[in-house]
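Report on the structure given below.
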Amino acid sequence: MTPTNSMHSICDFPRQFYHGSSELFTQFEYRRCASNPIFGRGIYLTQEHEVARCYYRPGGAIYRVEVNADPRYTINLETTIADQSDEARLRIQFLLGEAGKQMPPQTTKAWDALNSVLDVMTLNQRNFRLGALGVWMIYGHMPASCHSGRCDNGVHYVLLRESTVSSLAPINI
């Protein structure tokens with residue numbers, strides 16, 4: 001099944017993102033990534049330059065990030081399991097099985113299905129396992145109750161595998 005959710009389809013999945021940082025670097029290292037209490041450990045990207053600017057600090061940079069990976073291995077947290085690609089749905093099933101969980105109904109939001117494992121693993125462990133299973137990105141909007149300002153606007157793209165980055169370059173601020 002080809003995902004046709006309101007955020008992206010396979011055909012229009014974004015390939016270029018931005019990342020704001022307080023550090024200068026030439027490549028991402030997943031092991032050095034911060035952990036967010038909503039989405040877990042990962043490399044946080046946005047399609048909006050202004051959102052990346054919120055995370056920029058002197059001594060760091062705003063980076064243009066290009067990815068080259070199969071969008072079928074991404075999980076849109078806001079859509080149902082049925083709306084995921086076959087590849088993503090299978091990875092969700094593997095993760096749940098590893099956690100001793102049954103696959104919920106296809107009408108369950110991916111966010112809820114993935115968070116159902118949090119009684120046996122942390123968000124960081126969940127993201128690491130998803131990456132190991134081949135999922136290279138999860139994405140969705142931050143819940144309204146967690147918004148802290150303009151930096152939280154838009155879709156949060158959480159890169160789980162730095163090997164999917166084809167280009168990383170600082171840009172003028």
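We count residues from 1, following the sequence as given. Computed over heavy atoms, backbone and side chain alike; hydrogens, waters and symmetry mates excluded.
- Remark: Thr122 pairs with Asn124, Gln125 by the side chain to side chain contact (heavy atoms under 4.5 Å, CB included) rule, at least two apart or across chains.
- Across all non-hydrogen atoms, the minimal contact from Pro104 to Leu96 is CD-CD1, 3.5 Å.
- The aromatic ring centroids of Phe13 and Tyr139 lie less than 6.0 Å from each other.
- The main-chain N or O of Phe39 is found under 3.5 Å from a side-chain atom of Asn127 such that the two form a donor-acceptor pair.
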Quick one: side chains of residues 105-116, donor-acceptor pairs under 3.5 Å with protein atoms, not counting sequence neighbours, listed by atom name and distance.
| from | atom 1 | to | atom 2 | distance (Å) |
| --- | --- | --- | --- | --- |
| Thr108 | OG1 | Pro105 | O | 2.9 |
| Lys109 | NZ | Glu78 | O | 2.9 |
| Asn115 | OD1 | Arg126 | NH1 | 2.6 |
| Ser116 | OG | Ala113 | O | 2.6 |

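- With sequence neighbours excluded, no residue forms a ring pair (Phe, Tyr, Trp, His ring centres under 6.0 Å) with Phe128.
- Arg89 and Ala82 get closest at one heavy-atom pair: NH1-O, 3.2 Å.
- Screening residues 17-27 for salt bridge (charged side-chain N to carboxylate O under 4.0 Å, His left out), with sequence neighbours left out, gives Glu23-Arg32.
- The distance from the CD1 atom of Ile38 to the NE2 atom of His156 is 9.0 Å, given to the nearest 0.5 Å.
- Atom CZ of Arg53 is separated from atom CD of Glu48 by 13.5 Å, given to the nearest 0.5 angstrom.
- Each of Tyr18, Tyr44, Phe25, Phe17 was compared with Tyr63 under the ring-ring contact (aromatic ring centres under 6.0 Å, His included) criterion, and only Phe25 meets it.
- Residues forming a ring pair (Phe, Tyr, Trp, His ring centres under 6.0 Å) with Tyr30 (at least two apart in sequence, or on another chain): none.
- Between the NE2 atom in His49 and the OH atom in Tyr56 there is a gap of 10.5 Å [rounded to 0.5 Å].
- Annotation: ring pair (Phe, Tyr, Trp, His ring centres under 6.0 Å) contacts involving residues 74-93, sequence neighbours excluded, are absent.
- Within the structure, every pair that satisfies the side chain to side chain donor-acceptor pair (under 3.5 Å) test and touches residues 90-100, not counting sequence neighbours, is listed here: Glu98-Arg129.
- Pairing each heavy atom of Gly20 with each of Tyr55, the nearest pair is O-CB, 3.6 Å.
- For the atom pair CD1 (Ile43) and CE (Met137), the distance works out to 9.0 Å, reported to the nearest 0.5 Å.
- With sequence neighbours left out, Glu29 forms a side-chain hydrogen bond (donor to acceptor under 3.5 Å, both in side chains) with Arg31.
- Under the ring pair (Phe, Tyr, Trp, His ring centres under 6.0 Å) criterion, Tyr73 pairs with no residue at all, not counting sequence neighbours.
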Practice problem: Could you walk me through whether Asn76 and Gln84 pass side-chain contact (heavy atoms from CB on, under 4.5 Å), step by step? | Solution: CA-CA 7 Å; Asn76 179 339; Gln84 306 297 323; 4.3 Å; yes
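- Atom CH2 in Trp136 sits 7.0 Å away from atom CG in Leu159 (nearest 0.5 Å).
- Arg41 pairs by the salt bridge (charged side-chain N to carboxylate O under 4.0 Å, His left out) definition with nothing, not counting sequence neighbours.
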For residues 164-173, please give each side-chain donor-acceptor pair under 3.5 Å, one per line with the distance, not counting sequence neighbours.
| from | atom 1 | to | atom 2 | distance (Å) |
| --- | --- | --- | --- | --- |
| Thr164 | OG1 | Arg161 | O | 2.8 |
| Ser166 | OG | Glu66 | O | 3.2 |

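- A side chain to side chain contact (heavy atoms under 4.5 Å, CB included) with Ile75 is found for one member of Leu95, Ile81, Leu130 and no other, namely Leu130.
- Closest of all the heavy-atom pairs between Arg15 and Ala69 is NH1-O, 2.5 Å.
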